[in-house]
Amino acid sequence: MATSYGIGVLAGVVATTQGEAVCGGSISNYIVSQMAVNCRRQLPHNALCHRPHTVSRRAAAAAGRVQVMAVATRPPATGTVGNVERKDPDLLGSRRSMRVGEMADEMKRMRAQMEEDEQVASLMRGLRGQNLSDELFAAADTQLRLVERVEGEAMLPQTYDPDTISAYWGKRPGSVLTRVAQLLSVAGGFLSHIGWDIINKKFKENEVQRAIELREIVTSLGPAYIKLGQALSIRPDILSPSAMTELQKLCDKVPSFPDDIAMALIEEELGPWQEIYSELSPSPIAAASLGQVYKGRLHETGELVAVKVQRPYVLETVTIDLFIIRHLGLALRKFPQIATDVVGLIDEWAARFFEELDYINEGENGTRFAEMMRVDLPQVVVPKTYTKYTSRRVLTTGWIEGEKLSQSTASDVGDLVNVGVICYLKQLLDTGLFHADPHPGNLIRTPEGKLAILDFGLMTQITNNQKYGMIEAISHLIHRDYEAIVKDFVLLDFIPDGVNLKPIMPVLAKVFDQALEGGGAKNINFQELAADLAQITFDYPFRIPPYFALIIRAIGVLEGIALVGNPDFAIVDEAYPYIAQRLLTDSSPRLREALRYTIYGRTGVFDADRFIDVMEAFETFTTSARSGGGDQMQGSMASLGLVSVRTPAQLPAPWVSSQQLEQGVQMRTALAFIVSDQGQFFREFILDEVVKGIDAITREQLAQLVVISGLDRLNPVLSSMILPGGLRPTILIPVVTQEDEIVLNNVRCIVGFLSAGTPSSRSLSQGGPLEVMEIVRELLPVLPTVATQLLPEIVNRLTSRVMARALREIFA
């Protein structure tokens with residue numbers, strides 16, 4: 001949850017401190033410490049290229065039509081590439097930017113520390129969906145209280161419209177009073193217990209028992225209260241950990257309604273069911289608050305299908321409950337102590353809930369989702385929607401065989417979790433159509449080893465502003481640019497627009513700086529941090545946007561599934577690589593600027609280590625995208641880095657080594673991407689650095705040639721000579737400047753990284769010289785196409801650079 005934790009965690013801290021009296025301090029402590037975990041996104045600044053030797057836990061990926069081998073390796077840990085020491089480009093003093101490399105280990109270590117606190121551990125389980133109930137049916141003693149059919153139900157709106165609902169039920173006070181009496185008869189005892197606890201100051205002592213009572217009551221009150229309870233169960237800024245835990249056990253499964261009513265509804269919506277389905281299970285295979293599911297077979301094609309039929313009286317029950325809940329919210333507006341816009345929250349939740357009542361919308365969501373994943377992630381399967389046999393209250397989709405991913409013991413579960421993380425990050429940061437209900441029952445491993453995703457009733461739309469804003473915030477977090485991060489919070493709707501942000505800066509800097517000083521959670525003064533954050537909440541209306549609560553829940557569920565089979569799993573292993581892929585391949589101006597900021601930072605100085613971090617993360621992403629059969633199914637994400645090459649037989653014989661003739665071209669994934677068709681944008685992005693590198697290498701080579709030839713001994717003589725126009729001939733002798741040294745350091749570091757495993761890189765890692773011609777010869781099969789595209793521009797920029805320097809030296 002690198003993206004979701006990294007941005008939302010601070011907002012969660014501030015929001016939860018408002019509920020300290022109920023929640024204690026544990027939630028705030030958890031969120032602050034989790035932020036500390038995720039802030040350690042990158043390694044500390046050390047020697048240039050002196051990067052810990054960490055072999056990828058995934059196999060190196062092989063890519064290419066003519067044996068282009070993409071290998072994921074790193075320089076050895078025992079030395080630096082080319083004996084080049086790190087020269088820190090960050091000119092901003094002690095506040096250094098961060099590295100990605102060790103974040104996963106730090107995350108696991110601090111996660112273990114945090115979970116020593118039972119309340120925090122409970123909250124973590126909740127965010128991962130590990131308390132969720134995914135039973136197919138309700139408990140035997142469950143009773144569901146619904147509103148019976150009333151006259152004029154056709155006048156109820158099909159989309160959420162609070163005014164129409166209010167007008168409808170306002171004319172039916174008898175039905176409203178009946179429902180209120182029904183609710184009080186169920187919840188009266190619970191409310192009296194709460195009042196007694198408050199009077200006797202035993203609220204905290206009896207909190208767990210009251211949460212259990214609340215869960216049992218909510219289950220019997222019908223769809224609106226069940227869905228509301230589930231929505232609240234992922235809001236640590238509203239509920240305590242104990243209440244969240246119990247509400248997450250809330251079962252959406254309720255007693256099934258009679259089959260004859262279901263068949264009658266199918267006939268009312270689609271026609272006689274016997275003419276549509278050649279067979280239909282005699283009883284439902286699952287029953288939920290909104291409907292129940294039958295297994296059938298289509299007459300027309302013989303295909304197995306799942307038929308979901310909506311429960312009768314759902315629209316009446318939902319709308320009358322929303323009418324009552326909303327009027328309670330309006331009454332709360334009279335109390336100034338309640339700063340939260342309860343009515344606004346109800347309206348936003350209700351609008352999303354209404355979408356679940358429309359099965360046509362659910363089917364269309366599934367179809368759109370499948371199309372968005374088809375090209376990039378063919379490993380992801382979505383049930384086909386049969387629109388001909390779908391209506392607002394009946395949904396017919398393809399039948400998916402398989403087992404719950406959370407319960408599967410197959411060896412590829414880890415790979416499918418990786419695919420699932422990529423899938424949800426793609427929704428979050430690319431397509432914007434976000435599947436917001438990924439509980440374990442909706443994630444299936446098929447017999448073919450694919451990941452099936454079910455149930456598209458609850459979706460949320462992520463705007464472009466939110467998508468790009470989250471990526472930008474991660475980039476700012478890497479560089480500890482707190483001023484920019486606070487602005488990101490406004491952009492992402494954690495802080496209202498127009499708020500004075502300057503007073504927030506010192507507290508934000510303190511939170512991050514403490515977390516980044518090392519020592520993990522034990523080195524952080526949580527009480528002091530919580531006090532600072534609590535003070536801010538009195539002055540500023542921090543909040544967790546509803547869309548972000550759904551994001552945390554979705555990514556958390558995937559992490560929870562992964563941790564069952566792999567206790568060492570860290571979501572950052574997948575999240576940051578996806579962000580790197582987006583930065584390297586997206587052509588939007590905002591992401592191009594985010595990429596530039598990631599690599600160049602606030603100083604505008606090219607950071608070779610940062611470049612390598614991004615490319616390593618990209619390599620990790622491509623390996624994940626190829627897992628779960630992505631490479632065999634030729635998914636577009638799995639094909640990133642594939643390059644077109646000339647066969648060794650087509651190349652000039654003197655330039656082709658015997659190894660190339662036997663093995664083809666070997667290169668790591670990062671270099672394969674840079675020279676591939678998909679890497680065109682990135683090649684253009686780093687063109688200035690390429691030109692600087694060529695210029696510096698040329699000057700270094702010429703300077704060495706001058707020394708070898710002995711011309712440097714003529715310097716005293718030449719410096720005393722003056723040519724016509726006042727020019728001195730010494731300007732013709734190249735000198736390696738301090739800027740050239742920095743560029744050469746970067747070149748050696750990057751070349752050592754990109755050419756890892758080749759003879760030239762081994763020489764470089766052992767302190768040998770930068771063998772330019774040897775590197776060119778090794779990469780010759782993939783260079784012609786790239787050179788044709790870039791050579792004219794390189795020559796143009798290089799000429800301009802040389803001429804500008806010459807003019808400066810002449811007139812200096």
Side-chain angles (χ1 to χ4, degrees), residues 132-133 135-150 153 156-158 160 162 165-166 168-169 172-191 211-233 246-258 261-262 265 284 286-293 308-329 345-347 349-359 362 392-393 437 439 455 457-458:
L132 297 177
S133 172
E135 297 296 327
L136 296 179
F137 292 94
D141 59 346
T142 302
Q143 293 183 344
L144 190 64
R145 292 168 173 81
L146 298 177
V147 173
E148 297 296 328
R149 185 180 296 274
V150 295
E153 69 277 1
L156 285 169
Q158 301 298 301
Y160 181 63
I165 293 173
S166 181
Y168 179 88
W169 290 110
R172 295 164 174 80
S175 298
V176 173
L177 290 174
T178 299
R179 180 60 171 170
V180 170
Q182 193 178 57
L183 297 176
L184 290 176
S185 68
V186 174
F190 170 75
L191 295 176
I212 294 173
E213 292 175 6
L214 177 63
R215 170 173 54 82
E216 294 172 347
I217 290 170
V218 166
T219 302
S220 68
L221 292 180
Y225 293 97
I226 291 174
K227 295 294 183 182
L228 180 59
Q230 290 176 330
L232 291 174
S233 72
E246 289 305 322
L247 284 181
Q248 281 163 0
K249 297 176 183 177
L250 186 64
C251 189
D252 188 36
K253 305 304 182 285
V254 296
S256 60
F257 57 92
I261 294 178
L265 193 146
S289 60
L290 296 183
Q292 56 197 41
V293 179
K308 182 155 70 170
V309 184
Q310 193 169 105
R311 184 176 295 275
Y313 313 133
V314 162
L315 187 60
E316 292 88 339
T317 303
V318 166
T319 53
I320 196 171
D321 286 340
L322 289 175
F323 173 78
I324 295 170
I325 294 171
R326 196 171 189 276
H327 272 71
L328 288 175
L345 290 174
I346 292 171
D347 286 343
W349 165 75
R352 187 176 288 112
F353 180 28
F354 250 70
E355 293 176 0
E356 291 192 71
L357 301 178
D358 184 355
Y359 288 173
E362 180 175 341
R392 182 174 175 81
R393 295 193 291 171
D437 191 21
H439 64 73
D455 193 353
L458 181 59

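Computation of the quantities below employed the complete heavy-atom set of this structure, encompassing side-chain atoms and omitting hydrogens, waters and symmetry-equivalent molecules.
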Measuring only between side-chain heavy atoms, which start at C-beta, is [X] closer than 4.5 Å to [Y]?
X: D358; Y: Q158; value: no
X: I226; Y: L221; value: no
X: Y225; Y: I325; value: yes
X: P223; Y: F353; value: yes
X: K227; Y: L290; value: yes
X: L322; Y: F354; value: yes

(message) Pairing donors with acceptors under 3.5 angstrom, does anything connect the side chains of T319 and W169?
(response) yes

Any residue meeting side-chain hydrogen bond (donor to acceptor under 3.5 Å, both in side chains) with [X], in chain and number order, not counting sequence neighbours:
X: D437; value: none
X: D455; value: none
X: Q310; value: none

(message) Checking V293 now: which residues fulfil side chain to side chain contact (heavy atoms under 4.5 Å, CB included) with it, not counting sequence neighbours?
(response) I285, A306, K308

(message) If the condition is side chain to side chain contact (heavy atoms under 4.5 Å, CB included), which residues does L184 pass it with, not counting sequence neighbours?
(response) V180

Residue pair [X] / [Y]: nearest heavy atoms and the distance that separates them:
X: F257; Y: A262; value: CE1-CB, 3.5 Å
X: L315; Y: P157; value: CD1-O, 4.0 Å
X: S289; Y: V314; value: O-CG2, 4.2 Å

(request) Any chance you could lay out the side-chain contact (heavy atoms from CB on, under 4.5 Å) test for E316 and L156, step after step, and finish with the verdict? (result) CA-CA 8 Å; E316 292 88 339; L156 285 169; 4.0 Å; yes

(request) Cation-pi check, R172 to Y168: give yes when NZ or CZ is under 6.0 Å from the six-membered ring centre and within 45° of the ring axis, no otherwise. (result) yes

(message) Restricting to salt bridge (Lys or Arg N to Asp or Glu O under 4.0 Å), what partner residues turn up for E213, sequence neighbours left out?
(response) R210

Once rounded to the nearest 0.5 Å, what's the spacing between atom [atom1] of [X] and atom [atom2] of [Y]?
X: L265; Y: R311; atom1: CG; atom2: CZ; answer: 12.0 Å
X: E355; Y: Y160; atom1: CD; atom2: OH; answer: 13.0 Å
X: S175; Y: Q182; atom1: OG; atom2: CD; answer: 11.0 Å
X: Y359; Y: E362; atom1: OH; atom2: CD; answer: 7.0 Å

(request) Check step by step if side-chain contact (heavy atoms from CB on, under 4.5 Å) holds for L357 and R392. (result) CA-CA 8 Å; L357 301 178; R392 182 174 175 81; 4.2 Å; yes

(message) Check the orientation of F323 and H327. Use parallel for under 30°, tilted for 30 to 60°, and perpendicular for over 60°.
(response) tilted

(request) Say whether, by atom type as modelled, one donor and one acceptor occur between the side chain of R179 and the main chain of T317 under 3.5 angstrom. (result) no

(message) So does A211 get a backbone contact from the side chain of R215, meaning a donor-acceptor N/O pair under 3.5 Å?
(response) no

(request) Inspect the contact between R326 and D347 and indicate whether a charged nitrogen and a carboxylate oxygen are less than 4.0 angstrom apart. (result) yes

